[in-house]
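I have placed the structure first, in the form of structure tokens, so that the comments after it can refer back to it.
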Number of protein chains: 2
Amino acid sequence: MSADSQETKRQARGRARIDQILLAAAETFGDLGYESATTNAIAARAGISPGSLYQFFKNKEDIAHALSERYAEQLSGVELGTGGVEPATLESAVHAAIVPIVEFNRANPGYKALFARTDMPASMREAVAPVRENLHGRVRVGVARLLPHLDDGDLERTVLVVMHMVQGLMPLIVAAPDAERAALIRELERSLVAYLRSVP
Amino acid sequence: MSADSQETKRQARGRARIDQILLAAAETFGDLGYESATTNAIAARAGISPGSLYQFFKNKEDIAHALSERYAEQLSGVELGTGGVEPATLESAVHAAIVPIVEFNRANPGYKALFARTDMPASMREAVAPVRENLHGRVRVGVARLLPHLDDGDLERTVLVVMHMVQGLMPLIVAAPDAERAALIRELERSLVAYLRSVP
DNA sequence: GTAGAATACGAGCAATTACTCGTGTTTGTC
DNA sequence: GACAAACACGAGTAATTGCTCGTATTCTAC
């Protein structure tokens with residue numbers, strides 16, 4: 001996935017460049033969206049030349065993939081629950097998952113440009129697989145704990161519905177002013193709780 | 001909004017061309033998405049030259065806008081309820097709205113390429129305004145009837161949440177195979193019913 | 001029938017953009 | 001210090017694409 005097929009031995013300087021580039025890419029994707037973000041703009045934002053960018057990433061999609069891996073790592077470090085303690089209610093379980101997800105989305109403007117989109121060119125699907133799988137797996141575990149009686153098919157479908165409900169409302173939440181955002185988060189949590197309770 | 005500032009008097013031939021172009025645009029948008037669909041490809045699909053296309057639309061965005069207007073018209077003709085008869089239950093009211101919306105999405109593959117996207121370039125927002133306003137207004141009427149006690153702010157928020165829940169699940173529903181689609185539609189309806197019942 | 005408007009063509013322009021390549025500099029290793 | 005590998009540059013290239021323009025044909029109004 002990296003720039004070279006036979007791994008090049010990165011120097012400290014090179015690793016720092018990769019960080020710069022991924023940061024610049026995240027910002028540029030966040031500002032302009034994936035397709036409108038040009039590789040030259042990313043390089044400029046990172047303070048390097050276009051040629052240097054391609055020393056570390058073999059193409060634009062490779063940048064998206066690396067960024068996706070980085071987001072997946074960061075997400076792995078985010079607790080989406082009550083941290084081992086059994087949640088008292090469904091409400092508190094949902095709340096404990098939604099709050100950090102919203103924070104993550106707010107803190108990473110490039111995230112939504114890559115993942116919070118319904119239309120995605122086939123080439124991008126593969127690039128963003130790391131994050132999707134990370135989240136999907138964790139949501140499945142959470143839903144299975146809440147609704148242990150579901151069979152595989154029903155569980156899978158419920159997970160998909162939950163993820164799409166969250167994804168559908170997230171742009172609204174992130175874009176809203178502070179006061180309205182709190183209200184929207186309550187709506188999202190309420191819709192999830194109500195939905196999960198309604199599962200037979 | 002049309003190609004010319006001082007309206008040109010369309011002949012029957014011209015109106016037929018506009019129909020061809022909008023049909024070709026809808027198909028091309030549906031296949032490739034808005035940005036990847038080239039005007040030359042639309043012209044080719046419509047069986048005309050690029051030059052002819054620009055006799056009727058001043059640019060690509062103008063095509064999207066005209067298509068949006070057409071979708072808005074078609075949607076106006078779609079009954080999103082029980083047709084004057086008071087619905088017996090919340091379930092039946094939701095069902096009566098969701099079924100035709102899903103059908104419309106399935107029948108118009110270009111629709112999702114324009115509207116069912118979370119990231120939308122600013123230039124496109126204006127182009128798709130006709131459809132958004134049409135749907136928004138009708139959903140507001142429906143929600144206000146179901147939840148007459150909501151004040152303006154709560155009503156508006158509830159409408160937004162409902163629309164984004166539908167929009168979030170629609171790609172899943174449209175893409176699913178027949179058997180799974182029926183199950184997903186049930187999930188969407190159940191989540192909407194549960195959410196609306198949970199509104200204080 | 002004729003003038004003018006509408007329709008039609010398609011080669012090609014101007015701008016954009018992902019990416020390359022020749023060249024030069026810095027770093028790690030011995 | 002010498003050598004190779006990593007890093008860096010940025011002008012340039014090939015391809016794409018939205019759109020134009022000169023020209024030719026068809027329709028409508030009178």
Side-chain angles (χ1 to χ4, degrees), chain A residues 1-22 24-25 28-29 31-67 113-114 121-124 127, chain B residues 1-22 24-25 28-29 31-67 113-114 121-124 127:
Chain A
M1 288 5 178
S2 299
D4 313 288
S5 41
Q6 76 259 28
E7 296 285 302
T8 66
K9 287 187 197 150
R10 295 288 170 215
Q11 304 177 351
R13 186 172 40 143
R15 281 180 306 241
R17 277 276 181 267
I18 289 178
D19 285 347
Q20 285 174 35
I21 294 168
L22 289 182
T28 310
F29 290 158
D31 286 353
L32 308 173
Y34 177 71
E35 9 267 327
S36 295
T38 71
T39 55
N40 285 8
I42 294 171
R45 190 155 196 162
I48 63 174
S49 78
S52 295
L53 189 153
Y54 284 92
Q55 297 243 332
F56 302 101
F57 301 98
K58 70 175 198 290
N59 53 38
K60 191 178 173 180
E61 187 188 333
D62 192 30
I63 300 175
H65 186 85
L67 193 55
L114 291 182
S123 67
M124 260 187 79
Chain B
M1 288 359 177
S2 300
D4 312 287
S5 41
Q6 76 261 26
E7 295 286 302
T8 65
K9 287 187 196 149
R10 296 286 170 216
Q11 304 176 352
R13 183 171 43 144
R15 280 179 308 238
R17 278 279 181 261
I18 289 178
D19 286 346
Q20 284 173 36
I21 294 169
L22 289 182
T28 311
F29 289 158
D31 285 353
L32 308 172
Y34 176 72
E35 9 268 327
S36 295
T38 71
T39 55
N40 284 8
I42 295 171
R45 191 155 194 160
I48 63 173
S49 78
S52 295
L53 188 153
Y54 284 92
Q55 296 248 336
F56 301 101
F57 301 98
K58 70 175 197 290
N59 53 34
K60 191 178 173 180
E61 188 188 333
D62 192 31
I63 300 174
H65 185 85
L67 194 55
L114 291 181
S123 66
M124 259 188 81

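Order of the sequence lines fixes the chain letters, A, B, ..., with proteins taken first and strands second; residue numbering starts at 1 for each chain.
Taken residue by residue, residues 39-48 of chain B places heavy atoms nearer than 4.0 Å to DNA chain D at B/Thr39, B/Asn40.
For A/Thr38, the side chain to side chain contact (heavy atoms under 4.5 Å, CB included) partners two or more places apart in sequence, or in a different chain, are A/Asn40, A/Ala41. For A/Asp31, the side chain to side chain contact (heavy atoms under 4.5 Å, CB included) test picks out A/Arg45, with sequence neighbours left out. Here B/Ser36 pairs with nothing under the side chain to side chain donor-acceptor pair (under 3.5 Å) rule; sequence neighbours left out. Residues passing the side chain to side chain contact (heavy atoms under 4.5 Å, CB included) test with B/Arg17, sequence neighbours excluded: B/Gln20, B/Ile48, B/Phe56. For A/Glu61, the side chain to side chain contact (heavy atoms under 4.5 Å, CB included) partners at least two apart in sequence or on another chain are A/Tyr34, A/Asn59, A/Ser123, A/Glu126, A/Ala127.
For residues 48-57 of chain B, there are no salt bridge (Lys or Arg N to Asp or Glu O under 4.0 Å) pairs, not counting sequence neighbours.
Taking 4.0 Å as the cutoff to heavy atoms of chain B, we find the contact window on DNA chain C bounded by C/dA6 to C/dG10.
Heavy atoms only, all atoms of each residue included: A/Arg10 and A/Arg15 are closest at O-NH1, 3.7 Å. Considering every non-hydrogen atom in both B/Ala113 and B/Gly33, the closest pair reads CB-CA, 4.2 Å.
Across the interface with DNA chain D, nearest-nucleotide mapping of A/Pro50 and B/Ala37 shows A/Pro50 to be the residue nearer the 5′ end. Both A/Asn59 and B/Arg17 lie near DNA chain C, and the one whose nearest nucleotide falls closer to the 5' end is B/Arg17.
Distance OH (A/Tyr54) to P (D/dG12): 19 Å, rounded to an integer number of Å.
Here the side chains of A/Phe57 and A/Thr39 are not in contact, with every heavy-atom distance at 4.5 Å or above. The shortest distance between side-chain heavy atoms of B/Leu67 and B/Phe29 falls below 4.5 Å.
Base engagement by B/Gly51 is indicated by at least one non-hydrogen atom pair under 4.0 Å involving a base atom.
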- Sequence-aligned protein contact record of nucleotides 22-30 of chain D, with B where the base is within under 4.0 Å of a protein heavy atom and S where only the sugar-phosphate is: ----BS---
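The line from CD of B/Glu35 to CD of A/Glu35 is 5.5 Å long, rounded to the nearest 0.5 Å. With rounding to the nearest 0.5 angstrom, the CE atom of A/Met124 is 9.5 Å from the NZ atom of A/Lys60.
A donor-acceptor contact shorter than 3.5 Å is absent between the side chain of B/Lys58 and the backbone of B/Ile63.
Taking five base pairs at each end of the helix from C/dG1-D/dC30 to C/dC30-D/dG1 and finding the rotation axis that steps the C1' atoms of four pairs onto the next four gives two axes whose angle is 10°, to the nearest 10°.
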